[in-house]
Number of protein chains: 2
Amino acid sequence: MKQVYFFGAGQADGNAGMKAELGGKGANLAEMTNIGLPVPAGFTISTAVCLEFLKSGVMPANLKLDIEKALEKTGTCMGANFADNENPLLVSVRSGARVSMPGMMDTVLNLGLNSVTVEALARKTQNPRFAYDSYRRFIQMFSNVVKGIESYHMEQILEEFKHKEGYQEDHELTTDNWKTVIEQYLSFYRKTVGSSFPEDPYEQLWAAIASVFESWNCSRAQKYREIHQIPNEWGTAVNICAMVFGNMGSSSGTGVCFTRDPSTGENIFYGEYLMNAQGEDVVAGIRTPKNLLLLEKEAPASYAELCHAREILENHYRDVQDIEFTIQEGKLYILQTRNAKRTVQAALRIAIDFVKEGKLSQNEALKRLNPADIDKLLHPTLDPNAPKRLVAKGLPASPGAVTGRVVFSAQDAELWSSRGEKVILVREETSPEDINGMYVSQGFLTARGGMTSHAAVVARQMGKCCVAGCSSLRIDSSQKRLFAGDLEISEGDWLTLDGASGDVLLGQVATTEVDLGEDFQTFLSWAKALTRMTVRANADTPKDAILSRKFGAVGIGLCRTEHMFFDENRLPYVRQMILSKTLEERNAALEHLLKFQTEDFVGIFSAMEGLPVTVRLLDPPLHEFLPHTDKEIVALASLISLSPEEITLRVQALQESNPMLGHRGCRLGISHPEIYEMQVKAIGQAALLCHQKGLKVYPEIMIPLVGTREELSWLKERLSKLAPDLPFGTMIEVPRAALTADEIAQCSDFFSFGTNDLTQTTYGFSRDDCSPFLKVYKQKQILEEDPFVTIDRNGVGKLLKMATELGRRSNSKLKIGICGEHGGDPRSVTFCYELGLDYVSCSPYRVPVAILASAQASLNS
Amino acid sequence: MKQVYFFGAGQADGNAGMKAELGGKGANLAEMTNIGLPVPAGFTISTAVCLEFLKSGVMPANLKLDIEKALEKTGTCMGANFADNENPLLVSVRSGARVSMPGMMDTVLNLGLNSVTVEALARKTQNPRFAYDSYRRFIQMFSNVVKGIESYHMEQILEEFKHKEGYQEDHELTTDNWKTVIEQYLSFYRKTVGSSFPEDPYEQLWAAIASVFESWNCSRAQKYREIHQIPNEWGTAVNICAMVFGNMGSSSGTGVCFTRDPSTGENIFYGEYLMNAQGEDVVAGIRTPKNLLLLEKEAPASYAELCHAREILENHYRDVQDIEFTIQEGKLYILQTRNAKRTVQAALRIAIDFVKEGKLSQNEALKRLNPADIDKLLHPTLDPNAPKRLVAKGLPASPGAVTGRVVFSAQDAELWSSRGEKVILVREETSPEDINGMYVSQGFLTARGGMTSHAAVVARQMGKCCVAGCSSLRIDSSQKRLFAGDLEISEGDWLTLDGASGDVLLGQVATTEVDLGEDFQTFLSWAKALTRMTVRANADTPKDAILSRKFGAVGIGLCRTEHMFFDENRLPYVRQMILSKTLEERNAALEHLLKFQTEDFVGIFSAMEGLPVTVRLLDPPLHEFLPHTDKEIVALASLISLSPEEITLRVQALQESNPMLGHRGCRLGISHPEIYEMQVKAIGQAALLCHQKGLKVYPEIMIPLVGTREELSWLKERLSKLAPDLPFGTMIEVPRAALTADEIAQCSDFFSFGTNDLTQTTYGFSRDDCSPFLKVYKQKQILEEDPFVTIDRNGVGKLLKMATELGRRSNSKLKIGICGEHGGDPRSVTFCYELGLDYVSCSPYRVPVAILASAQASLNS
């Protein structure tokens with residue numbers, strides 16, 4: 001089995017299709033070499049070697065020989081030789097997994113330097129200061145990566161030296177200064193490790209390779225894989241690549257760029273660079289870099305070469321690329337390219353533009369977007385009219401608008417969020433160790449670092465808001481305080497970030513709906529055209545109904561009626577209806593409610609003109625509507641002919657041990673038929689009023705919580721008389737309904753799976769009570785997925801399948817949909833598509849997600 | 001189609017197999033005639049005629065002609081002619097449905113009498129007093145049955161007459177007195193009905209037949225059918241039979257007898273008679289009759305004939321018969337025979353004796369008993385050592401010992417029992433109108449009437465306790481008071497009845513276990529020998545375990561461990577375990593509990609030596625164990641290192657919205673592994689201790705509330721280490737477990753269906769909350785059966801079937817049982833047998849029921 005894959009001089013052993021063996025970075029280096037990009041020569045050690053090493057603890061027998069051969073070829077390409085004292089080849093050693101895990105694993109640069117080769121490098125470059133700076137960087141990274149010595153120890157040595165010499169910046173150090181610092185580094189190394197720093201470049205190399213392999217299993221990487229569901233069995237490759245130097249003087253530089261703006265998707269060449277710097281300086285955000293467009297002036301030839309590379313890359317990969325480059329004394333090298341992380345806004349814009357540019361078909365473009373990301377597009381932004389007090393302004397590193405309480409460390413972010421608090425993580429700059437705290441934060445605010453800093457990259461990837469490089473802030477992490485001008489902000493204070501403008505605002509600022517652009521509508525129309533399975537919305541108000549239409553819903557699949565009952569103007573009548581002792585009083589209350597409900601339905605039906613609206617009759621148990629405090633009870637007693645004591649007794653009598661399994665839904669409809677009768681009358685009257693106004697409306701009547709055919713037929717017999725022409729159907733939300741769907745389908749025009757309740761009853765999980773043990777279940781890997789988020793295919797899914805088959809078998813005209821919250825979960829939507837459902841219905845904000853998921857399911861079927 | 005079936009002179013058109021056409025009584029009259037019993041001649045009008053009449057409202061065209069022909073034949077047999085003024089044939093008109101509905105429908109006797117034939121009867125019998133007494137009886141019954149005139153109106157006329165004349169008893173009236181009374185009856189009839197009493201015997205007959213048919217639909221009959229699940233479509237036949245008279249002087253008489261004692265089953269000729277009386281006098285309990293054995297002296301020839309009939313009947317019907325007979329001037333007539341209602345004790349004794357006598361095979365005998373009746377055998381009797389105060393002594397009419405609060409009307413019985421009170425119905429005598437009140441009472445106490453009175457018959461049929469004919473009592477129903485000597489008892493006071501001794505006792509008297517006789521054990525051993533599907537018990541204590549064995553259980557299918565936790569000596573440790581903040585405190589509490597549980601298990605395992613004991617680990621949510629009152633909380637705080645405030649907070653934090661679906665069962669076992677570990681250790685240690693004593697014990701570990709394979713395998717991995725040799729299995733009690741039974745079976749040695757919870761989750765019914773709507777569902781006929789009593793075959797049953805098939809398919813060694821309360825319900829046991837389960841487990845008192853049901857299922861399969 002081939003272990004080492006060479007690339008260089010326009011030719012490579014590997015290619016882009018070999019990510020499994022070479023990792024994403026290695027496959028790309030090979031591919032870039034093959035397509036003629038100026039990549040420094042080098043080679044990749046395969047993931048298989050990593051896995052074998054991690055398993056056995058030793059490197060494969062013939063690996064060293066293969067590497068030595070590859071080093072020789074690399075040297076030939078670059079005109080230098082590894083471990084040569086006169087003309088030494090320096091290399092970088094980098095991890096590279098099958099998918100990108102930014103910042104998760106280790107890298108060693110400048111490997112091959114020692115007390116002899118550093119002099120050779122100084123001679124060769126005629127820049128001893130640079131050579132010794134490189135050497136000290138190498139020592140620092142090697143110590144950290146291979147020996148686990150935290151960087152701050154050596155940083156501290158450097159800082160103390162600078163302090164003593166009165167220096168502010170690194171570049172003030174002379175060659176001799178660096179030599180002194182290096183002495184101190186090597187001494188610290190000896191003291192800490194117990195042996196001398198390795199002089200032999202090969203010894204350095206073997207150690208670095210082993211460390212990169214081992215970094216696959218460090219806890220940070222494991223946590224990252226857990227969050228992103230990356231298999232542990234993939235392993236990482238190691239890329240060993242000739243070093244090129246961006247810090248060889250003013251004609252050298254380094255940068256990171258995107259072939260399009262990863263934040264907006266705009267077709268501009270977007271990036272940042274620093275002249276006379278190493279790549280780490282850009283990525284780590286230690287110096288604030290310059291806008292890429294300035295490179296055209298500063299190094300026009302290199303910029304032109306870079307633009308050429310940009311074109312080659314986008315045409316080749318048919319996607320936006322994220323590129324690392326270095327200019328060594330005027331010669332451009334492309335170090336790395338990969339599909340760019342992007343905001344969902346950018347992803348949308350890019351997909352549309354690529355179709356327009358003929359680079360992708362519509363269907364290919366549809367597959368490019370992750371449906372789960374779509375709803376990020378739809379979340380509110382800051383209300384432009386809300387009062388705001390600007391604290392500071394930073395870089396708009398990742399869009400969105402969030403509000404949260406300030407915390408100053410990843411640990412505190414985890415602590416506060418575990419209490420249910422929304423937090424904003426404020427850091428000088430973030431680092432990979434902060435990943436868990438970042439995951440639970442609403443957004444990040446950093447004082448240093450640019451648009452490609454760690455915080456910015458992670459934020460865009462996670463879809464979180466980020467304001468970066470906000471240099472006017474002073475952060476005192478130890479005191480948990482933030483200073484902006486004369487403003488002092490402490491832990492727990494509220495801040496609002498606007499990732500689109502970079503504004504940092506005091507307190508909680510109101511948000512407003514997004515204005516969906518043309519791109520979104522175009523994209524949605526492509527998706528809708530593809531879906532056999534349509535998407536409806538769960539909406540209870542005209543406002544939500546209008547929003548749903550805007551988001552592409554072709555009907556309302558669940559219009560709950562209880563929200564109408566909870567309105568404070570209506571609640572007294574609802575309570576009177578429940579508690580009244582006389583028929584007159586009850587009928588009077590019902591008359592009032594009939595009027596209200598009719599108005600409600602006119603509003604919703606009108607808003608959904610031309611589209612179906614499935615109205616679910618009253619579902620919750622009556623006690624939910626009753627007063628519970630003494631004050632409320634006394635107030636109610638003054639309105640109806642019952643004493644406070646009588647009301648209290650009735651309230652107590654209606655209490656239930658397990659209201660979820662109690663006297664609700666159709667059970668209530670059967671024991672109190674006047675309620676459903678009033679509701680169906682209201683639906684009928686509303687439809688009539690709409691028709692009289694010339695509106696075409698299509699209400700459907702849906703009965704909740706049916707478990708037996710007899711329940712449904714009993715209600716149908718009574719209710720259908722009151723609205724004879726309307727479709728009449730049922731929720732399928734208890735297991736018995738699914739098990740006897742053949743019987744139930746005989747008196748039903750449609751089924752709508754209520755997968756929330758069905759999941760509760762199938763598992764025997766109360767949604768209100770399960771979080772303590774579901775948390776344990778996830779920790780102990782007993783449940784992989786939250787079954788309330790993604791449909792449990794094995795259990796609940798089996799019931800859905802059974803109900804669909806039994807129902808259709810006994811009623812071929814049966815329409816079947818789903819209206820649980822799973823209707824907006826992409827994987828659940830895929831499952832619904834596979835089941836052959838007619839529609840899914842979900843909350844308005846999830847409608848576009850469901851449309852895209854449904855379209856993708858069509859494309860993949 | 002034949003409408004009228006004649007019987008007489010040793011020959012009949014029908015036979016015993018024609019109950020559907022002729023009703024039970026008609027088919028029996030035909031059969032008795034055929035087998036040579038002295039039955040008065042007559043004929044039966046078929047049930048088909050009834051149904052046609054009830055449907056169309058008119059009698060079939062040719063019916064009258066058929067009846068006239070049959071009347072002529074009857075007259076020939078009896079030597080008299082219907083409507084003949086000289087030698088008139090009198091007839092009875094009686095209803096007779098396919099199954100006996102005692103007292104439910106109407107009867108008219110002496111039909112054919114009028115102002116002319118009454119004289120002929122007087123002449124013929126030389127007993128004018130009797131003739132006029134018969135005539136007035138006929139008028140009274142006809143008025144009641146045909147015209148709906150309540151009997152008490154005419155009784156009042158008679159009572160007033162007697163009062164005026166200074167008479168105490170009816171027999172003091174002279175012929176002329178009767179004539180005067182009859183005048184008053186006829187006058188009252190005219191006034192009430194608006195026309196004269198019919199003189200024409202045919203007119204009388206047509207009207208009586210129509211009324212009997214119509215009585216099928218009276219509300220009493222409908223209610224009876226509802227309770228006993230008798231289809232409305234069966235209809236009733238009408239039996240018209242020559243009248244014979246027990247009141248023709250001292251050589252005449254009438255009686256009711258059983259071929260064996262229906263109360264004990266003893267093989268003695270058991271019955272009662274009255275000389276010079278009509279049958280109604282015996283059945284209605286108005287005169288207290290004599291023991292049948294006295295007839296041997298009073299009328300030896302008739303008695304010998306009756307004994308001969310007894311033998312013919314038992315040999316022919318192979319069952320104990322309930323016979324009505326009349327002696328008319330020394331000639332015996334058998335009026336009716338039917339399978340005798342009997343107590344379950346008697347049924348058992350009779351079944352065993354019939355097998356011994358060679359009249360039945362063992363298997364036939366096993367089929368004779370209704371499993372649901374068996375548990376009546378097992379209910380406690382009065383504790384002989386309890387202090388008692390005797391109020392009165394009556395006839396031991398139906399065995400059992402019950403305690404309840406006194407009510408004086410059927411209405412009050414319903415009222416009180418609807419409030420959840422146990423009541424004893426106290427009546428002068430009961431009547432068919434009381435049936436609903438009787439149904440809800442614990443037992444009946446009457447002041448008049450004998451062992452075959454209405455109260456006694458109904459009590460034995462319903463399996464309720466009855467003390468009848470307790471003549472020392474004075475009952476004032478209007479004042480709701482009862483006097484016994486100088487004791488006054490009011491409505492709501494407590495009484496205890498001992499149906500075995502006839503004792504009426506003051507207050508609530510303690511009860512004790514029954515001593516199961518040899519018959520019971522014999523019967524049980526026959527049943528057990530037949531059952532492939534065995535029966536275990538649900539038992540949590542050594543006491544229950546011992547009882548279960550006595551009742552025939554071959555293991556414990558469900559030993560709940562939470563009851564052990566609720567013991568007041570242990571609860572503080574349980575609470576400490578739940579609330580402790582330190583590991584030491586928690587471990588200390590667990591150590592205590594380990595000790596307790598080990599003792600518990602040693603007790604139960606020893607009691608069940610040689611048999612399996614399935615121990616279910618802790619099931620209820622932790623909050624059930626915590627204190628709720630301030631006082632309890634303060635008390636607990638003094639025991640553990642928490643303040644009352646901290647305890648209150650924890651108690652609140654553990655509250656759940658739907659505890660049924662909450663943090664319980666295996667969820668608790670996974671989040672608090674130390675609890676199950678302690679329990680399994682206790683099981684292991686207890687088993688070891690038993691083995692050391694030389695006892696062979698077979699514990700099995702059962703996990704509750706499993707829904708996924710992962711839950712079970714996670715627990716199995718941890719717990720099996722602590723008790724490696726014990727079978728390890730799971731409850732199947734949430735739908736998901738049944739749906740994924742193939743996966744779950746892979747790590748399970750056995751399944752036990754927890755059909756209580758499975759029914760709750762499959763329907764989405766909380767057992768604690770469903771009674772309000774289940775009541776409505778029954779009223780509205782939406783649910784036929786309570787699914788918590790009898791397994792819902794269509795829904796829950798489908799899950800059981802699926803789980804059984806999936807489970808066995810993936811684990812062929814899987815043992816499957818059921819441990820919900822359905823395990824003791826005969827119809828559910830039958831279903832379990834059909835599913836092929838290995839065992840059912842039920843409460844100790846239901847074990848024999850389940851054994852018999854299982855045996856019957858084998859016999860019927």
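Naming: A, B, ... by sequence-line order, numbering from 1 per chain.
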key: Heavy-atom pairs under 4.5 Å with chain A, option from B:Val796, B:Ile670, B:Leu668 with the top count   =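 That would be B:Ile670.
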key: When A:Gly662, A:Gly764, A:Gly707 are compared by non-hydrogen pairs under 4.5 Å with chain B, the top option   = A:Gly764
inquiry  = Shorter than 4.5 Å, heavy atoms on both sides: which option in A:Pro659, A:Gly665, A:Pro772 has the most such pairs with chain B?
reply    =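 That would be A:Pro659.
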Show me the donor-acceptor pairs under 3.5 Å between chain B and chain A.
residue: B:Ser657; atom: N; partner: A:Asp769; partner atom: OD1; Å: 2.8
residue: B:Ser657; atom: N; partner: A:Asp769; partner atom: OD2; Å: 3.3
residue: B:Asn658; atom: N; partner: A:Asp769; partner atom: OD2; Å: 2.8
residue: B:Asn658; atom: OD1; partner: A:Met660; partner atom: N; Å: 2.9
residue: B:Asn658; atom: ND2; partner: A:Ser766; partner atom: OG; Å: 3.3
residue: B:Met660; atom: N; partner: A:Asn658; partner atom: OD1; Å: 2.9
residue: B:Leu661; atom: O; partner: A:Ser766; partner atom: N; Å: 2.8
residue: B:Arg667; atom: NH1; partner: A:Gly764; partner atom: O; Å: 2.7
residue: B:Arg667; atom: NH2; partner: A:Tyr763; partner atom: O; Å: 2.9
residue: B:Arg667; atom: NH2; partner: A:Gly764; partner atom: O; Å: 2.8
residue: B:Ile670; atom: O; partner: A:Lys780; partner atom: NZ; Å: 2.7
residue: B:Glu711; atom: OE2; partner: A:Tyr777; partner atom: OH; Å: 2.6
residue: B:Arg736; atom: N; partner: A:Thr762; partner atom: O; Å: 2.8
residue: B:Arg736; atom: NE; partner: A:Tyr763; partner atom: OH; Å: 3.2
residue: B:Arg736; atom: NE; partner: A:Asp792; partner atom: OD1; Å: 3.4
residue: B:Arg736; atom: NE; partner: A:Asp792; partner atom: OD2; Å: 2.7
residue: B:Arg736; atom: NH2; partner: A:Asp792; partner atom: OD1; Å: 2.7
residue: B:Leu739; atom: O; partner: A:Lys798; partner atom: NZ; Å: 2.5
residue: B:Glu743; atom: OE2; partner: A:Asn794; partner atom: ND2; Å: 2.5
residue: B:Thr762; atom: O; partner: A:Arg736; partner atom: N; Å: 2.9
residue: B:Tyr763; atom: O; partner: A:Arg667; partner atom: NH2; Å: 2.9
residue: B:Tyr763; atom: OH; partner: A:Arg736; partner atom: NE; Å: 3.2
residue: B:Gly764; atom: O; partner: A:Arg667; partner atom: NH1; Å: 2.7
residue: B:Gly764; atom: O; partner: A:Arg667; partner atom: NH2; Å: 2.8
residue: B:Ser766; atom: N; partner: A:Leu661; partner atom: O; Å: 2.8
residue: B:Ser766; atom: OG; partner: A:Asn658; partner atom: ND2; Å: 3.3
residue: B:Asp769; atom: OD1; partner: A:Ser657; partner atom: N; Å: 2.8
residue: B:Asp769; atom: OD2; partner: A:Ser657; partner atom: N; Å: 3.3
residue: B:Asp769; atom: OD2; partner: A:Asn658; partner atom: N; Å: 2.8
residue: B:Tyr777; atom: OH; partner: A:Glu711; partner atom: OE2; Å: 2.6
residue: B:Lys780; atom: NZ; partner: A:Ile670; partner atom: O; Å: 2.8
residue: B:Asp792; atom: OD1; partner: A:Arg736; partner atom: NE; Å: 3.4
residue: B:Asp792; atom: OD1; partner: A:Arg736; partner atom: NH2; Å: 2.7
residue: B:Asp792; atom: OD2; partner: A:Arg736; partner atom: NE; Å: 2.7
residue: B:Asn794; atom: ND2; partner: A:Glu743; partner atom: OE2; Å: 2.5
residue: B:Lys798; atom: NZ; partner: A:Leu739; partner atom: O; Å: 2.5

Distance-minimising heavy-atom pair for [X] and [Y]:
X        : Y        : answer
A:Ile701 : A:Val680 : CD1-CG1, 3.9 Å
B:Phe625 : B:Pro620 : CZ-CG, 3.8 Å
B:Leu715 : B:Phe728 : C-CZ, 4.1 Å

task = Give me the ring orientation class for B:Phe765 and B:Phe773: parallel if the planes are under 30° apart, tilted from 30 to 60°, perpendicular past 60°.
result = perpendicular
query = What part of B:Val734 gets closer than 4.5 Å to chain A, counting heavy atoms only: side chain, backbone, both or neither?
reply =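 For B:Val734, backbone and side chain are both near chain A.
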task = Identify which part of B:Pro673 has an atom lying under 4.5 Å from any heavy atom of chain A, answering side chain, backbone, both or neither.
result = side chain
Note, [X] side chain near [Y] side chain (heavy atom, < 4.5 Å):
X        : Y        : result
A:Leu758 : A:Pro735 : yes
A:Ile791 : A:Ile818 : yes
B:Leu617 : B:Met702 : no

task = For side-chain contact (heavy atoms from CB on, under 4.5 Å), just list the numbers for A:Ile675 and A:Met577, CA-CA rounded to whole Å, side-chain angles, deciding distance to a tenth of an Å, and then say yes or no.
result = CA-CA 9 Å; A:Ile675 300 176; A:Met577 171 190 79; 3.6 Å; yes
